Amino acid sequence: MLDIKLIRTDPEAVKAAIARRGDDTSSIDEVVELDTRVRAIGTERDDIRAEVKQLSKQVGLLHKEGRGDDAAALQDQSRALGEREKALSDEADDLAATIRSLLLNVANMPAPEAPDGLTEDDNLELRVENFDPAGYADHQRVPHWEVAEALGILDVDRAVRMSGSMFVMYRGAGARLLRALIAYGLDRNRDAFEEVRPPTVVKTETMIGTGHLPKFADDAYHLERDDLWAIPTAEVPLTSMVAGEILDQAELPLRLMAHTSCFRREAGSAGRDTRGLLRVHEFDKVELYAFCTPDQAQEMHMEILGRAESAISDLGLAHRVLDLACGDISGAGARTFDIEVFAPGADRWLEVSSVSWCTDYQARRANIRYRPEGEKGTRFVHSLNGSGLAVPRVWAAIIETYRQADGSVRMPEVLLPYLGGMTEIPAPA
RNA sequence: GGAGACGUGGCCGAGCCAGGUUGAAGGCGCUUCCCUGCUAAGGAAGUAACGUCGUAAGGCGUUCGUGGGUUCAAAUCCCACCGUCUCCGCCA
């Protein structure tokens, strides 16, 4: 949610920033107008309330003195004021609700440094690492869904039978590799991030708090009987962890990480990327998350990007880093870097991490503040998030990249400590 | 799932059953000042957030788990919801 005060004082700057995303700016004008009205009404309402309070005190005193008749006259007066107060109050509440719902649908302002452009074609490729398109052998050019089925490490057919399309099941060495990736993703950030294992299903108000509802209701799984939602990312519970709290500056930056299952209905992408692990309804992810002061935000953004990227490069996978164009940044982000890994078998780049700096946009919505040292009052924190390791697509890229000429799949060096002696997945007999 | 108790400021804890200068006693903690060779002890003052008006000082309003209701007036009465604790049941 954007700062209403900024919109009030400099609506043109806000509109200019929003326009860089290609978003409609008319709601900003609407907010400015409604805001003026709600404040005028609020002032009048508060004056009446003050009057009612004064009158009520007098009524109390008069009753004490036994002057009931005088009190009755004041009560009538106060009752009449109360009716007006109620009307004004209702109107103010309606306007405030309208303003809020307008604001909830306005995305964050992109950072000035975010590249211009409205689509993914405008994303800036910052660097490409470890990638030589001509360097892959034929045996690496087989898509993981074929390799994995042949090796018996991915059982899509049976998963579909029990849960429907776009659900998968890892088996044997495949399940073990998945477990290793999760442990690897967590362990390499253990030096600075607190490991959290939050609930996987949350209440409606929690989903609203992070902005995943009501806008993305169609993308989330809902357990109707208990009115609970399956989280689409650990970002939801991690943000809610400190919602409504005032943090000490000394606690910042607060670094958190969590491995969870993530559930997505993918309602808008039915029929797209349905092969193998490209797009699934349930997947494992290690999420990195930080709350910090505005001064710490830039550095923290780079830190999370660095950690996510090194996790990929230490696995020996080809990857690239994109600086997303304004129009391609998701709603809460002010600036986002994507990491894409190259899957030689599927012959395409797969997004495995989206590292976003959300400025105070999420904090304002979830009401997360801190007390700046040496200042009185509070300020909203900045929040940042990024996938430390999104398992399925990394798993897929490993299976394709590390496939040997004999059909076996070698395991990346850095995962060996997590694989209990398994150095390869043997070729099918 | 059943029965009961309860939810007050950074924390502890009164007030609620008899609604009225109670934004809320008292204590702890914290900040500043005084005293003191240092520390401890002691004394004084201050110590919520948010909204809005104001250059400011400050004014007004909201907030006693959340949301409704009753009333001239609600921390106090009524209803719903959320949560905590105790006992019983069930359970990995």
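Order of the sequence lines sets the chain letters (A, B, ...), proteins ahead of strands, with each chain counted from 1. As the structure is a prediction and not an experimental result, all values here were calculated from the model.
Salt-bridge check for A:R264 with A:E266: failed, with every basic side-chain N at 4.0 Å or more from each acidic carboxylate O. Using a 4.0 Å cut-off between a side-chain N of Lys or Arg and a carboxylate O of Asp or Glu, A:D191 and A:R307 qualify as a salt bridge. Note on A:K86 versus A:D90: salt bridge recorded, some NZ/NE/NH1/NH2 to OD/OE distance being below 4.0 Å. Salt bridge present: A:K15 and A:D29 bring a charged side-chain N and a carboxylate O closer than 4.0 Å.
The nearest whole Å value for the distance from the CG atom in A:D3 to the C1' atom in B:rG51 is 13 Å. At whole-Å resolution of the value, CG in A:D47 and P in B:rU62 are 12 Å apart. B:rA74 atom P lies 10 Å from atom CZ of A:R49, rounded to whole Å. In this structure, CG of A:N367 is placed 9 Å from P of B:rC50, rounded to the nearest angstrom. Here B:rG61 presents its C1' atom at 14 Å from CD of A:E44, a figure rounded to the nearest Å. If you take CD1 of A:I246 and C1' of B:rG9, they are 11 Å apart, rounded to a whole angstrom. The separation between A:R37 atom CZ and B:rU52 atom C1' is 18 Å, rounded to whole Å. B:rU63 atom C1' lies 13 Å from atom CG of A:D46, rounded to whole Å.
For the P atoms, the distance from B:rC78 to B:rC88 is 30 Å, rounded to whole Å. B:rC91 and B:rG29 have their P atoms separated by 49 Å, given to the nearest Å. Between B:rC17 and B:rC53, the distance separating the two P atoms is 38 Å to the nearest Å.
In this structure, a donor-acceptor pair under 3.5 Å is absent between the side chains of A:D314 and A:Y184.
Using a 4.0 Å heavy-atom cutoff across all strands shown, A:S56 reaches at least one base atom of the nucleic acid.
Nucleotide B:rC90 forms a pair with no other nucleotide shown, judged by Watson-Crick or G-U wobble geometry with both contacts under 3.5 Å. Look at B:rA24: it lacks any Watson-Crick or wobble partner with both distances under 3.5 angstrom. Here B:rG67 sits opposite B:rC79 as a Watson-Crick or G-U wobble pair (both hydrogen-bonding atom distances under 3.5 Å). Across all strands shown, B:rU32 is found opposite B:rA44 as a Watson-Crick or G-U wobble partner, with both distances under 3.5 Å. The pairing partner recorded for B:rA5 is B:rU84, the criterion being a Watson-Crick or G-U wobble arrangement whose two distances lie under 3.5 angstrom. In this structure B:rU52 sits in a base pair with B:rG59, meeting the Watson-Crick or G-U test at under 3.5 Å.
Relative orientation of the A:W229 and A:H222 rings is parallel, given thresholds of 30° and 60° on the angle between their planes. Between A:F263 and A:Y221, the ring planes are perpendicular. Angles over 60° get that label, and only those under 30° would be called parallel.
Candidate nucleotides B:rG69, B:rC72, B:rC50 were compared by shortest atom distance to the side chain of A:K86, and B:rG69 ranks first. Across B:rU62, B:rA73, B:rA49, the shortest atom-to-atom separation from the side chain of A:K53 is found for B:rU62. Distance from the side chain of A:R371 is smallest for B:rA48 among the nucleotides B:rG69, B:rC72, B:rA48. Nearest to the side-chain atoms of A:H63 among the listed nucleotides B:rG51, B:rG20, B:rC60 stands B:rG20. Of the candidates B:rC53, B:rC60, B:rA49, the closest approach to any side-chain atom of A:A50 belongs to B:rC60. In this structure, of B:rC53, B:rA73, B:rG51, it is B:rA73 that holds the atom nearest to the side chain of A:V52. Of the candidates B:rC50, B:rU62, B:rU52, the closest approach to any side-chain atom of A:R369 belongs to B:rC50. The side chain of A:K203 has B:rC82 as its nearest neighbour among B:rU71, B:rC82, B:rC50.
One finds no side-chain N or O of A:S78 lying less than 4.0 angstrom from the OP1 or OP2 phosphate oxygen of B:rA73. Remark: A:R39 is not in phosphate contact with B:rG51, judged by side-chain N or O atoms under 4.0 Å from OP1 or OP2.
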